[in-house]
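Take a look at the structure set out below.
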Amino acid sequence: MKYWLMKTEGSEYSLEDLKRDKRTAWEGVRNFQARNFMQEMREGDLILFYHSSSEVNGVYGIAKVAAIAHSDKTQFDPQSDYFEKRATKEKPVWYCVDIEFAKKFAKPVTLAELKSDPNLEGMRVRERGSRLSVQPVSESHFKRVVALGR
DNA sequence: GCCAACGTTGGC
DNA sequence: GCCAACGTTGGC
């Protein structure tokens with residue numbers, strides 16, 4: 001089993017939204033590295049759910065991979081912001097996984113906390129200028145963040 | 001294949 | 001709202 005971190009703008013789609021929807025297709029990722037990481041995900045993998053560009057940036061809780069990567073349908077929709085003219089049904093360019101709500105932390109583990117915890121050294125999201133919206137997380141880092149969220 | 005220009009992300 | 005850092009595009 002692997003562990004991941006996924007970013008979202010809290011005002012766009014928050015953990016509360018996921019809790020309400022229970023499950024959603026993580027559409028709209030338009031970055032190759034992020035796409036490749038999603039293709040590595042397996043059902044049951046756990047995800048730290050991170051809000052960026054929010055009042056309080058940080059990990060708000062946990063989501064779980066509910067379905068492995070499949071074609072992102074928004075790439076075929078000319079009305080969509082995520083339309084991709086290079087994509088065909090036979091050869092899609094973009095993929096997404098389905099994720100489901102797992103847990104909301106008692107309080108978010110803020111970016112400041114992530115940065116100041118010596119146990120979390122090496123976590124990608126801590127790095128200045130880190131823009132990758134889907135990233136792998138080590139098991140020990142994952143467990144540490146969950147402990148901080150309790 | 002290089003790299004400048006551009007658009008976007010994301011912390012502050 | 002600002003701006004630094006980043007990823008992608010496209011001309012050469």
Side-chain angles (χ1 to χ4, degrees), chain A residues 2-21 24-41 45-65 68-99 101-138 140-150:
Chain A
K2 288 190 175 163
Y3 301 91
W4 309 91
L5 179 145
M6 277 180 166
K7 290 185 197 171
T8 175
E9 289 194 26
S11 58
E12 288 298 311
Y13 193 86
S14 68
L15 184 62
E16 274 302 314
D17 293 326
L18 181 61
K19 189 176 180 184
R20 181 198 62 220
D21 296 344
T24 194
W26 205 246
E27 293 168 338
V29 172
R30 293 295 179 269
N31 169 285
F32 290 104
Q33 256 187 299
R35 180 200 68 183
N36 295 344
F37 282 134
M38 281 201 289
Q39 290 178 312
E40 286 179 32
M41 291 183 183
D45 282 2
L46 295 176
I47 302 158
L48 297 175
F49 199 90
Y50 180 92
H51 287 197
S52 64
S53 300
S54 304
E55 236 169 270
V56 178
N57 296 326
V59 178
Y60 278 65
I62 302 170
K64 180 157 46 163
V65 177
I68 61 167
H70 53 86
S71 175
D72 178 339
K73 67 180 188 311
T74 62
Q75 69 193 306
F76 304 120
D77 176 5
Q79 308 311 332
S80 168
D81 285 348
Y82 302 118
F83 180 64
E84 170 60 66
K85 61 177 190 293
R86 296 171 292 186
T88 63
K89 299 270 180 185
E90 294 70 34
K91 279 204 134 189
V93 178
W94 301 111
Y95 289 82
C96 59
V97 293
D98 289 357
I99 66 170
F101 176 82
K103 178 180 179 168
K104 186 181 177 185
F105 289 159
K107 68 175 190 58
V109 180
T110 66
L111 180 59
E113 290 176 78
L114 295 175
K115 281 183 171 174
S116 63
D117 191 316
N119 298 299
L120 295 177
E121 201 145 328
M123 245 189 126
R124 243 172 137 154
V125 74
R126 298 188 357 161
E127 285 162 31
R128 171 182 168 81
S130 163
R131 289 173 51 176
L132 190 57
S133 65
V134 177
Q135 47 185 266
V137 170
S138 73
S140 66
H141 287 167
F142 181 89
K143 289 185 169 163
R144 177 64 184 158
V145 173
V146 172
L148 291 172
R150 255 201 290 272

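Proteins come first, then strands; the chains are lettered A, B, ... in the order of their sequence lines, and each starts at number 1.
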Item to check | Stepwise side chain to side chain contact (heavy atoms under 4.5 Å, CB included) test for A:Y60 and A:E16 | outcome: CA-CA 9 Å; A:Y60 278 65; A:E16 274 302 314; over 6 Å; no
Item to check | Spacing of A:I47 atom CD1 and A:I62 atom CD1 [to the nearest 0.5 Å] | outcome: 10.5 Å
Item to check | Parallel, tilted or perpendicular, as decided by the 30° and 60° cut-offs, for the rings of A:F49 and A:W26 | outcome: perpendicular
Checklist entry - Base, sugar-phosphate, or nothing: which does A:S53 touch, judged by heavy atoms less than 4.0 Å apart? => result base
Next on the checklist: Taking the side chain as everything from C-beta on, heavy atoms only, tell me whether A:V59 gets closer than 4.5 Å to A:Y50.
Outcome noted: yes
Item to check | Residue mapping more 5' on DNA chain C - nearest nucleotide basis, A:E84 or A:G129 | outcome: A:G129
Item to check | Range on DNA chain B touched by chain A - first to last nucleotide, heavy-atom distance under 4.0 Å | outcome: B:dG7 to B:dC12
Checklist entry - Can you tell me if A:R35 uses its side chain to pair, donor with acceptor, with the backbone of A:V93 under 3.5 Å? => result yes
Next on the checklist: Ring centres under 6.0 Å, that's the criterion: do A:F32 and A:W94 meet it?
Outcome noted: yes
Checklist entry - Near DNA chain C, under 4.0 Å by heavy atom, which residues of residues 24-38 of chain A? => result A:N31, A:F32, A:Q33
Output a table of donor-acceptor pairs, distance under 3.5 Å, between side-chain atoms of residues 142-150 of chain A and any protein atom two or more places apart or on a different chain; print 'none' if there are none.
from	atom 1	to	atom 2	distance (Å)
A:K143	NZ	A:E139	OE2	2.7
A:R144	NE	A:D117	OD2	2.8
A:R144	NH2	A:D117	OD2	2.8

Checklist entry - With a 4.0 Å cut-off on heavy atoms, is A:S130 in touch with a base, just the backbone sugar-phosphate, or nothing at all? => result sugar-phosphate
Checklist entry - Salt bridge or not for A:D81 and A:R30, using N-O below 4.0 Å? => result no
